[in-house]
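Just so it is clear, the structure is predicted and the values come from calculations on it, not from any experiment. Residue numbers begin at 1 in each chain, while the letters A, B, ... track the order of the sequences.
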Protein chains: 2
Amino acid sequence: MKRVTLAQVAELAGVSVMTASYTYNRPGRVSDQARSKVLAAAAQLGYAGPDASARSLRRGSTRTVGVVLGEHLSYAFDDPEAVSFMAGIADVCADRGFGMTILPITGAADDIQRITDAAVDGFIVWTTSDDDPILPAIQALKRPAVIHGGPSVRGMGLVTIDNRAAAAAVGAAAFKDARRPAVVSFPLSRDRFSGVLPGADLPEPLFPVTRERLAGYRQAAEAAGIAWRDVPVAVCAHNDAAEAERMAATLLTSADPPDAIAAMGDQQAAGVIRAARTAGRAIPGDLAVTGWDDAAVAAQLGLTTVAQSLREQGAACAQAALGEKPPSRTAPWSIVHRTSTRP
Amino acid sequence: MKRVTLAQVAELAGVSVMTASYTYNRPGRVSDQARSKVLAAAAQLGYAGPDASARSLRRGSTRTVGVVLGEHLSYAFDDPEAVSFMAGIADVCADRGFGMTILPITGAADDIQRITDAAVDGFIVWTTSDDDPILPAIQALKRPAVIHGGPSVRGMGLVTIDNRAAAAAVGAAAFKDARRPAVVSFPLSRDRFSGVLPGADLPEPLFPVTRERLAGYRQAAEAAGIAWRDVPVAVCAHNDAAEAERMAATLLTSADPPDAIAAMGDQQAAGVIRAARTAGRAIPGDLAVTGWDDAAVAAQLGLTTVAQSLREQGAACAQAALGEKPPSRTAPWSIVHRTSTRP
DNA sequence: CTGTTAGCGCATTCAC
DNA sequence: GTGAATGCGCTAACAG
């Protein structure tokens with residue numbers, strides 16, 4: 001069973017190749033008679049429509065966007081934030097008749113190969129670090145590209161909220177009336193260091209999102225009269241509830257335990273809350289906690305958090321990657337005050 | 001800035017097109033000298049590598065698999081089961097250097113168009129209904145295709161567990177010592193009917209997974225001496241915790257409330273447990289509950305459930321869609337007994 | 001190790 | 001409303 005071509009269909013239908021092509025691409029420009037002959041011939045030969053690769057080559061576009069997901073793909077799917085971002089991309093792609101190709105980054109050298117080989121018209125890159133080698137690779141492709149979160153790269157769009165301002169705002173809620181604030185942080189760089197350090201001793205974070213949020217938390221701490229060197233920052237290697245719970249347990253059992261913890265994600269905050277329960281701390285009395293993203297779990301737990309629509313940001317990225325419009329750069333956010341912080 | 005071609009690179013490098021081509025595809029077959037000339041020319045022209053569409057056309061394969069996700073794509077990403085299945089696919093694709101294109105199904109007529117237009121070598125279809133029109137469309141493409149869960153379609157592979165047997169087994173745990181068992185079910189068909197009916201009055205389910213699980217629950221009920229007509233089945237329009245919670249609340253406040261509920265997913269079971277708490281029912285004393293999939297939430301809630309590795313099944317689907325090996329058909333499962341059922 | 005030939009399957013011209 | 005020619009950018013198959 002070999003591949004059936006449009007030419008064979010045309011021949012069997014007794015029309016030219018172009019008439020057959022029009023039947024699929026501009027049905028209106030073909031007479032009913034010709035069209036039905038073509039369709040009949042196609043059915044008889046088992047021709048299911050024009051070949052996608054040939055068509056892409058011919059028209060110079062694949063009608064597909066590539067979504068670059070850092071680290072394990074599984075991580076991306078495990079992360080509800082990433083997932084709703086993807087859903088926003090999917091909304092736009094489905095509407096425009098575009099496909100959406102997932103380009104998983106494994107950390108191996110062939111990542112770049114997969115990027116340059118991808119049959120896509122544009123790229124959407126999920127938050128990564130300043131030094132990620134895929135960035136120059138995508139840049140060199142000179143196709144429309146957007147980065148979500150950061151970093152900001154010449155020639156590529158950026159869709160993000162003002163992470164520093166939002167962190168300062170939610171940090172203010174977290175650290176209100178606190179004597180001993182702490183932070184549970186996303187990874188600083190791709191080497192995935194994990195451990196607790198005073199804020200002032202942290203190495204420079206290479207993930208812009210992490211860097212900005214830390215800067216905002218620092219502002220909030222200092223506004224509350226606490227020096228950054230006195231704020232323990234628990235750096236997680238990965239963004240998940242389990243590691244955050246372990247980190248929070250460490251903090252809470254230390255000599256001078258925190259009475260406020262600002263996390264960087266709702267999942268992390270959920271882990272912190274579990275650790276607090278285990279340690280017998282009341283929330284917010286003994287410990288104020290804040291999250292980020294206003295996920296479902298935030299509402300369930302009464303978490304004060306930063307609300308942003310990852311879904312809308314995903315949609316904005318998709319539009320930019322399709323070349324429809326320049327990315328907005330600054331997406332809206334707001335603080336949702338709930339019961340996990342002191343009133 | 002026009003598209004740079006391999007021919008231009010070859011010309012600038014002073015070699016034939018094939019030498020340039022080999023430089024990218026079989027670096028070993030080219031002298032160091034030629035290779036560096038080609039690379040230098042490419043760098044000078046800003047050539048980033050062979051065009052993916054042209055390459056796909058030429059070699060007759062796209063090195064990409066298509067993943068067909070029912071309903072809203074967002075649903076797929078919102079559902080942790082689906083997500084770990086996707087991660088399994090991604091594992092295999094990343095390893096083989098394949099891309100992974102998401103083909104979202106919106107329910108509109110152009111779904112089929114998107115399927116036939118997809119530049120993919122094979123298809124993986126996430127659980128759907130017997131009458132889903134995309135099935136014949138994919139079948140007609142005569143490319144490797146696998147369905148997860150069901151239905152079973154001629155010419156397409158199937159990767160699934162024995163849902164009926166697993167349902168009978170977990171149902172036995174759920175309905176142990178129960179006088180009034182009930183079921184919280186996935187949708188029966190794509191029209192998304194929602195409501196509570198006696199088991200015996202249900203319309204024939206068109207989703208094979210739902211059908212098989214219902215059949216298993218029926219076996220379990222009858223084995224416990226309860227007629228299927230006496231088992232209320234709450235059919236949800238969607239697979240999420242919130243709707244399951246509402247359904248369970250309805251069941252629990254009815255005249256003759258259940259003392260055992262077998263759900264079809266852990267998320268649903270989590271919703272049932274929330275409803276039980278709200279209604280002041282003790283678990284498993286007043287109400288036994290079972291889930292499905294052994295997700296993280298199941299361990300947290302002490303849920304008796306069916307364990308299966310969606311991730312491994314995703315990987316198996318990917319291998320089949322790549323034509324590496326025929327699908328296994330029957331994946332392993334087991335019952336995990338925890339504290340949500342009577343000992 | 002390198003080059004020549006010959007299309008892959010289709011859609012954009014531009015005729016008629 | 002239909003058709004003939006042309007080439008999109010690349011690589012398999014063979015020579016040399």
Side-chain angles (χ1 to χ4, degrees), chain A residues 1-39 41-42 45-63 113 116-121 141-143, chain B residues 1-39 41-42 45-63 113 116-121 141-143:
Chain A
M1 171 83 55
K2 302 205 48 187
R3 188 177 279 282
V4 184
T5 72
L6 197 51
Q8 293 168 46
V9 172
E11 183 174 8
L12 178 60
V15 299
S16 78
V17 190
M18 277 324 298
T19 300
S21 178
Y22 283 142
T23 301
Y24 289 96
N25 295 297
R26 312 268 160 94
R29 273 164 95 151
V30 171
S31 67
D32 287 0
Q33 191 192 0
R35 185 172 49 237
S36 50
K37 278 195 297 188
V38 170
L39 262 16
L45 294 174
Y47 179 77
D51 175 81
S53 298
R55 176 181 250 185
S56 295
L57 173 59
R58 184 58 245 239
R59 73 179 168 218
S61 115
T62 60
R63 308 252 165 115
Q113 193 61 245
T116 53
D117 285 0
V120 301
D121 293 342
L141 261 16
K142 292 177 188 113
R143 289 177 231 169
Chain B
M1 173 83 55
K2 303 206 47 185
R3 187 177 280 284
V4 184
T5 72
L6 197 51
Q8 294 169 43
V9 173
E11 183 175 6
L12 178 59
V15 299
S16 79
V17 194
M18 276 323 295
T19 300
S21 179
Y22 283 141
T23 300
Y24 288 97
N25 295 297
R26 314 268 163 94
R29 273 166 91 152
V30 171
S31 67
D32 286 359
Q33 191 191 1
R35 185 172 49 238
S36 49
K37 276 194 298 187
V38 170
L39 262 17
L45 294 175
Y47 180 77
D51 176 81
S53 298
R55 176 181 249 184
S56 295
L57 173 60
R58 182 59 245 234
R59 73 180 167 215
S61 115
T62 60
R63 309 254 166 113
Q113 194 61 244
T116 54
D117 286 359
V120 300
D121 292 344
L141 261 16
K142 290 175 189 113
R143 290 177 230 171

>> I'd like to check the side chain to side chain donor-acceptor pair (under 3.5 Å) partners of B:Asp117; sequence neighbours left out, ordered by chain and number.
In response: A:Arg55

> In chain order, what residues pass the side chain to side chain donor-acceptor pair (under 3.5 Å) check against A:Thr116, with sequence neighbours excluded?
Replying inline: none

> Quick one: how far along DNA chain C does chain A reach, first to last nucleotide 5' to 3', anything under 4.0 Å to a heavy atom?
Replying inline: C:dG9 to C:dT13

>> Can you confirm whether B:Lys37 sits close enough to B:Thr23 that some side-chain heavy atom of one is under 4.5 Å from a side-chain heavy atom of the other?
In response: no

>> Can you confirm whether B:Leu57 sits close enough to A:Arg58 that some side-chain heavy atom of one is under 4.5 Å from a side-chain heavy atom of the other?
In response: no

> Which part of the nucleic acid does A:Arg26 contact within heavy-atom distance under 4.0 Å: base, sugar-phosphate only, or nothing?
Replying inline: sugar-phosphate

>> In this structure, how many angstroms lie between the C1' atom of D:dT2 and the CG atom of A:Asp32, rounded?
In response: 15 Å

>> Under the salt bridge (charged side-chain N to carboxylate O under 4.0 Å, His left out) definition, can you give me all pairs with a residue in residues 22-33 of chain A, not counting sequence neighbours?
In response: A:Asp32-A:Arg35

> Yes or no on side-chain hydrogen bond (donor to acceptor under 3.5 Å, both in side chains) for B:Ser56 and B:Ser53, after CA distance, side-chain angles and deciding distance?
Replying inline: CA-CA 5 Å; B:Ser56 295; B:Ser53 298; over 6 Å; no

>> Suppose we screen for ring-ring contact (aromatic ring centres under 6.0 Å, His included). Which residues come up paired with A:Tyr24, at least two apart in sequence or across chains?
In response: A:Tyr47

Can you check nucleotides 7-10 of chain D for protein contacts, nitrogen or oxygen pairs under 3.5 Å, and list what you find?
{"unit_1": "D:dG7", "atom_1": "N2", "unit_2": "A:Arg58", "atom_2": "NH1", "d": "3.0"}
{"unit_1": "D:dC10", "atom_1": "OP1", "unit_2": "B:Tyr47", "atom_2": "OH", "d": "2.5"}
{"unit_1": "D:dC10", "atom_1": "OP1", "unit_2": "B:Asp51", "atom_2": "N", "d": "3.0"}
{"unit_1": "D:dC10", "atom_1": "OP2", "unit_2": "B:Leu6", "atom_2": "N", "d": "2.4"}

>> Within the supplied structure, the quantity of interest is the number of heavy atoms (other residues, nucleotides, ligands) at a distance under 6.0 Å from B:Gln8 CD; does it exceed 12?
In response: yes

